[in-house]
Amino acid sequence: CFKQHIAATTDEAVAGKMGLKRTSLSMLRKGKAKFGIAPRIQLAGVLYPDADIAKLETLINDSGELVQFLQINTHNHP
């Protein structure tokens, strides 16, 4: 269960760890809403605490950073 994975016992606690409102989780569960990119990134940060989520957010929000990242990584992996 996801709640156990992140050591939360209530939707409110889960939402708090993800930086969301409790009602957002309820709407998602009922199929009345979908997570956008920002909540998905927050969820990745909760599930993968060692991941560099700040870097991921920068790459998504800054085209110049993304280009630089791609140039560096494509030169290292032909």
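The chain is numbered in sequence order, starting from 1.
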Under 4.5 Å side-chain linkage, directly or through intermediates, the cluster mates of M27: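 Direct or chained contacts put M27 with none.
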Apart from L70 itself, residues in the same hydrophobic cluster as defined by side-chain heavy atoms under 4.5 Å: L59, L66, F69
Shortest non-hydrogen contact from D11 toward L25: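 So the minimum-distance heavy-atom pair works out to O-CD1, 3.4 Å.
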Salt bridge (Lys or Arg N to Asp or Glu O under 4.0 Å) contacts in which one or both residues fall within residues 43-69, not counting sequence neighbours: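 Matches after skipping sequence neighbours: K55-E65.
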Gap between atom CG of L47 and atom CD1 of I53 - 0.5 Å precision: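 With rounding to 0.5 Å, CD1 (I53) is 9.0 Å from CG (L47).
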Joint cluster assignment, L56 & L43, ILVMFWY side-chain distance < 4.5 Å: no
In a table with atom names and distances, give each donor-acceptor pair under 3.5 Å that connects a side chain of residues 30-41 to protein atoms at least two apart or in another chain.
unit_1, atom_1, unit_2, atom_2, d
R40, NE, F35, O, 2.8
R40, NH2, F35, O, 3.2

